[in-house]
Amino acid sequence: MSVEFDRKIHATLADTKLQLAIYASTARLKDGRLSSVAPQTLPDYQELRTQANALKKHALENLDYYLEEFERNVVAHGGKVVYCKDGTDVADFVLALAKERGARLIVKSKSMTTEEVDLNERLEHHGLESVETDLGEYILQLAHEKPYHIVAPALHKTRYDVAEIFTHSLHVPSETVPEKQTAIARAVLREKFLAADIGISGANFLVADAGAVVLIENEGNARLTTTAPRIHIAIAGIEKVIPRAQDLATFLKLLARSATGQLLSVYTSFLAGPKRAGEIDGPEEFYVVLLDNGRTKLLPDRSKRQSLYCIRCGACLNTCPVYRKIGGHSFPWVYSGPIGAIITPQFMGVSHEPGLPFASSLCGACAEVCPVKIDIPKVLLELRSDVKKSETREKQNRLEKVAFRVFAWVMTHPRWYELAGRVAAAMAPSEDGGWIRTVPGIMNFGPLKAWLSQRDLPPPPPKSFRELWRRR
Amino acid sequence: MSRDSILHRIRTAVGRSADQPPAEAPAARLRIPEVPLEARIASVVARVEALAGKAVRTSDPCAWVAEAIRGKTAVASNAPFLAQCGITGLAGVRSGITDPEELRELCATADVGITGADYVLADTGTLVMLSSGREARMISLLPPAHLAVVERERILTGLDELLTVLPNPAVETSSMVLITGPSRTADIEQILVRGVHGPGQITVVIAD
């Protein structure tokens with residue numbers, strides 16, 4: 001584990017205000033999900049999950065076919081598809097188009113994919129104004145921060161934080177009532193929408209047989225972003241493609257429920273090309289950027305490929321006992337929680353943060369709530385193995401290796417196992433609140449001390465199970 | 001060029017060749033329950049109200065709308081049904097606009113946007129709006145209140161029926177929007193606030 005990862009985790013754990021915010025928000029989202037997928041509300045929930053998993057698996061196994069079909073249909077509707085290998089490609093494309101059209105102001109709706117490639121920073125560096133319009137993302141842009149959660153980006157900000165941010169950046173009188181704060185943002189952003197030349201959105205789904213981009217949201221900012229400006233650019237990861245419009249019957253029912261507990265989000269936009277002849281309003285130009293940015297690296301391995309099934313609902317974050325303590329900013333990249341723990345090492349390389357796949361109890365709660373049935377614990381184990389393999393011979397922890405070999409031997413030899421149990425019971429140090437937290441001084445040194453500093457043990461019982469069994 | 005290199009990388013990774021037909025996709029999963037019209041109407045009313053919207057049934061939509069927008073300014077879409085029942089002729093209502101700039105200015109200042117709906121989904125209380133010469137996108141988006149007048153025959157059971165009636169919406173329109181309740185956010189301390197960027201009030205008038 002890197003020093004930075006460790007430091008951020010401990011800072012979050014020590015911040016009681018933040019702990020409460022994370023706990024309360026994730027609890028609310030988690031409860032919403034639970035009631036909306038309950039059998040009396042959605043009797044075929046499990047069948048829908050199975051179908052969603054099968055569709056994602058199929059789409060990725062034939063990904064080149066569906067991307068080409070999607071592209072053909074977008075072009076047939078008068079739109080254009082641009083393939084980009086990384087963030088530099090995306091920025092180059094947007095900058096060139098903005099220059100050609102004389103565009104200065106860009107409005108953006110929420111998109112994790114653009115966060116991934118730092119699009120705003122890249123555009124602003126070249127003199128364009130790029131404004132986030134989702135309320136949470138707008139607050140974070142003003143505060144110069146990254147999203148804390150996939151669906152609730154400003155989860156860690158209190159209304160008092162927001163009051164300060166607005167006063168500082170927008171020069172408005174301090175306002176701490178969320179309703180009034182929202183009205184302030186609405187007024188400021190409405191002007192931006194109506195003045196913007198380009199609207200940039202993400203994409204929840206790319207529908208191959210329709211050549212359509214599907215956007216899901218509650219505020220209406222994605223609708224404004226894709227309706228008011230003359231040009232709409234949707235930026236999507238290549239894994240977002242699904243075969244048919246009819247498959248939305250499966251995915252839409254799962255996504256909103258898993259994310260916030262709504263039956264459907266307030267707005268689902270199905271956008272296929274620019275405004276057509278006879279239609280009154282809508283953008284005149286329509287582009288879809290298909291971004292690789294490391295995704296093709298996840299395809300060869302059949303098991304790890306499932307990491308790309310993710311529909312970004314955030315349910316695994318809300319249910320994860322680790323995320324709920326260490327929060328979103330402890331994670332080394334924009335994707336946090338269990339899904340972040342499997343995506344980040346594969347996109348950035350396992351050495352980016354070798355501790356990440358290990359920062360899990362493997363409890364399996366994430367796999368249980370995942371609407372597309374990604375087996376996150378399985379992928380975590382595979383990544384742990386990758387981390388170990390990637391460590392050079394010198395870097396490998398020999399002591400740890402020997403210790404585990406001894407452990408394995410003892411565990412597979414019953415007599416030695418029993419003896420070890422008795423020795424441990426006899427030598428057990430005093431407990432503290434029902435747990436053994438320190439070991440006797442003689443063993444408390446060097447690597448063992450470091451290893452034990454993060455682990456507490458239950459005290460051994462006076463009689464072992466084996467003893468009790470024999471005396472039965 | 002990025003296009004070819006990305007597609008090549010994908011094919012190598014998944015073991016496919018160019019122009020190879022795809023494996024058979026899992027069959028689309030569409031289940032349409034039998035729900036009588038009366039029950040569908042009741043469901044729309046219940047769902048819209050559960051989302052803090054307003055839903056009414058009336059045999060005289062024009063009179064109901066006249067009362068609802070008294071003293072307010074409104075923009076109405078070009079849906080033929082609105083003209084047929086006289087709503088476009090009401091005091092304070094502007095309609096028949098086809099110029100997008102003019103429409104945008106009107107919508108930015110009007111109190112109410114009045115539209116029809118191509119379909120309504122009973123099980124979620126959702127309005128389905130297809131962009132066309134009859135329905136513009138802005139009218140249900142810019143004004144602080146959205147009022148939709150719908151013919152009861154337009155009420156479908158749900159999403160599965162919609163995607164059976166419209167297997168590929170892109171054939172019909174460049175934009176299909178499903179609207180389920182008023183615009184909302186919970187981005188500040190998870191406190192629910194309505195009317196962030198879209199309308200904070202939504203009213204569904206079911207014409208009997």
Side-chain angles (χ1 to χ4, degrees), chain A residues 25 28 51 54-55 58 61-65 77 83-85 89 135-136 154 158-159 162 178-179 181-182 186 194 209-212 218-221 223-224 227 243-250 252 263-264 266-276 278-282 292 296 299-300, chain B residues 2-3 5-7 9-11 13-14 16 18 20-23 25-26 28-31 97-98 100 103-104 108 123-124 126 131-133 136-138 141 159-160 163 167-170 173-191 193 195-199:
Chain A
S25 299
R28 193 182 290 256
Q51 172 79 357
L55 286 167
H58 171 80
E61 283 169 353
N62 302 278
L63 183 58
D64 58 314
Y65 176 84
H77 299 315
Y83 289 77
C84 289
K85 64 177 186 304
D89 267 10
L135 179 60
T158 64
R159 68 185 88 174
V162 175
E179 206 165 353
Q181 294 175 328
T182 305
R186 176 182 164 112
L194 297 178
D209 75 346
N218 282 324
E219 296 184 1
N221 64 310
R223 282 188 73 193
L224 277 160
T227 300
R244 298 159 302 221
Q246 290 193 326
D247 297 324
L248 291 169
T250 300
L252 294 184
L263 303 187
L264 279 180
V266 177
Y267 302 115
T268 301
S269 298
F270 179 100
L271 305 169
K275 169 185 144 180
R276 295 185 191 171
E279 291 178 3
I280 298 167
D281 52 1
D292 180 352
T296 45
L299 286 171
Chain B
S2 287
R3 180 186 187 277
S5 81
I6 289 171
L7 289 172
R9 289 184 64 151
I10 294 170
R11 289 192 187 108
V14 301
R16 282 175 45 84
Q20 184 182 336
R29 190 178 189 285
L30 298 166
R31 305 274 188 278
I97 297 130
T98 51
L103 183 70
R104 178 199 285 236
D123 63 352
T124 49
T126 301
S131 175
S132 69
R137 304 183 190 195
M138 296 271 190
L141 183 58
L159 202 52
D160 292 40
L163 290 165
N168 185 353
T173 179
S174 72
S175 161
M176 175 177 80
V177 180
L178 313 187
I179 302 174
T180 311
S183 155
R184 61 185 243 178
T185 188
D187 275 349
I188 302 170
E189 291 189 17
Q190 294 272 306
I191 294 163
V193 178
V196 199
H197 293 295

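- Across all their heavy atoms, B:Val177 and A:Ser269 have their closest contact at CG2-OG, 4.0 Å.
- Side chains of A:Leu263 and B:Thr180 form no contact here, defined as non-hydrogen atoms less than 4.5 Å apart.
- A:Glu219 and B:Thr185 share a donor-acceptor pair across their side chains, judged by distance under 3.5 Å alone.
- The nearest pair of heavy atoms linking A:Arg244 to B:Pro26 is NH2-O, 2.7 Å.
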- Message: Set out, in order, the CA-CA distance, both residues' side-chain angles and the distance that settles side-chain contact (heavy atoms from CB on, under 4.5 Å) for A:Tyr267 and B:Ile179, then state yes or no.
- Response: CA-CA 5 Å; A:Tyr267 302 115; B:Ile179 302 174; 3.8 Å; yes
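- For the pair B:Asn168 (side chain) and A:Asp209 (backbone), a donor-acceptor distance under 3.5 Å is present.
- Both the backbone and the side chain of A:Ala54 come within contact range of chain B, with heavy atoms under 4.5 Å apart.
- Although no hydrogens or angles enter the test, the distance criterion places a donor-acceptor pair under 3.5 Å between the side chain of A:Asn62 and the main chain of B:Ala23.
- The heavy-atom pair separating B:Ser2 from A:Asp89 by the smallest distance is OG-OD2, 3.0 Å.
- Residue contact with chain A, scored on non-hydrogen atoms closer than 4.5 Å, involves the backbone of B:Pro182 exclusively.
- The part of A:Gln51 that comes within reach of chain B is its side chain, from C-beta onward, which places non-hydrogen atoms under 4.5 angstrom from that chain.
- Between atom CG of residue B:Leu163 and atom CG of residue A:Leu252 there is a gap of 7.5 Å, rounded to the nearest 0.5 Å.
- Heavy-atom neighbours of B:Gln20 CD from other residues, nucleotides or ligands within 6.0 Å: above the threshold of 12.
- Using a 4.5 Å cut-off between heavy atoms, B:Leu30 contacts chain A through its side chain alone, with no backbone atom that close.
- In this structure, the side chains of A:Asn221 and B:Val196 stay at 4.5 Å or more apart for every pair of heavy atoms.
- Between B:Ala13 and A:Thr296, the shortest heavy-atom contact is CB-O, 4.4 Å.
- Interface remark: A:Arg186 contributes backbone and side-chain atoms alike to the contact with chain B (heavy atom separation under 4.5 Å).
- Only the side chain of B:Ile191 has a heavy atom closer than 4.5 Å to any heavy atom of chain A.
- Between B:Pro21 and A:Tyr65, every side-chain heavy-atom pair lies at or beyond the 4.5 Å cut-off.
- Contact record, A:Thr182 with B:Ile188: OG1-CD1, 4.5 Å, taken as the closest heavy-atom pair.
- Summarising the geometry of B:Pro100 relative to A:Ile280, their closest heavy-atom pair is CB-O, 3.5 Å, with the distance given to 0.1 Å.
- Most heavy-atom pairs under 4.5 Å with chain A: of the set B:Pro22, B:Pro167, B:Gly198, B:Gly133, this distinction falls to B:Pro22.
- Only the side chain of B:Arg16 comes within less than 4.5 Å of a heavy atom in chain A; its backbone stays farther off.
- When each of B:Ala25, B:Gly181, B:Ala18, B:Ala108 is checked for heavy-atom pairs under 4.5 Å with chain A, B:Ala25 comes out on top.
- Atom-to-atom distance recorded for B:Arg29:CZ and A:Thr250:OG1 is 6.5 Å, nearest 0.5 angstrom.
- Counting heavy-atom pairs under 4.5 Å between each of B:Arg137, B:Arg9, B:Met176 and chain A puts B:Arg137 at the top.
- Counting heavy-atom pairs closer than 4.5 Å to chain A, the top residue among B:Ala186, B:Ser131, B:Ser175 is B:Ser131.
- Distance alone, capped at 3.5 Å, is enough to place a donor-acceptor pair between the A:Glu279 side chain and the B:Ser174 backbone.
- Contacts of A:Asp247 with chain B are made by side-chain atoms alone, with heavy-atom separations under 4.5 Å and no backbone atom involved.
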- Take B:Val193 and A:Leu135, measure what side-chain contact (heavy atoms from CB on, under 4.5 Å) needs, and give me the verdict at the end. CA-CA 11 Å; B:Val193 178; A:Leu135 179 60; over 6 Å; no
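- Under a 3.5 Å cut-off, the side chain of A:Arg276 and the backbone N or O of B:Thr173 do form a donor-acceptor pair.
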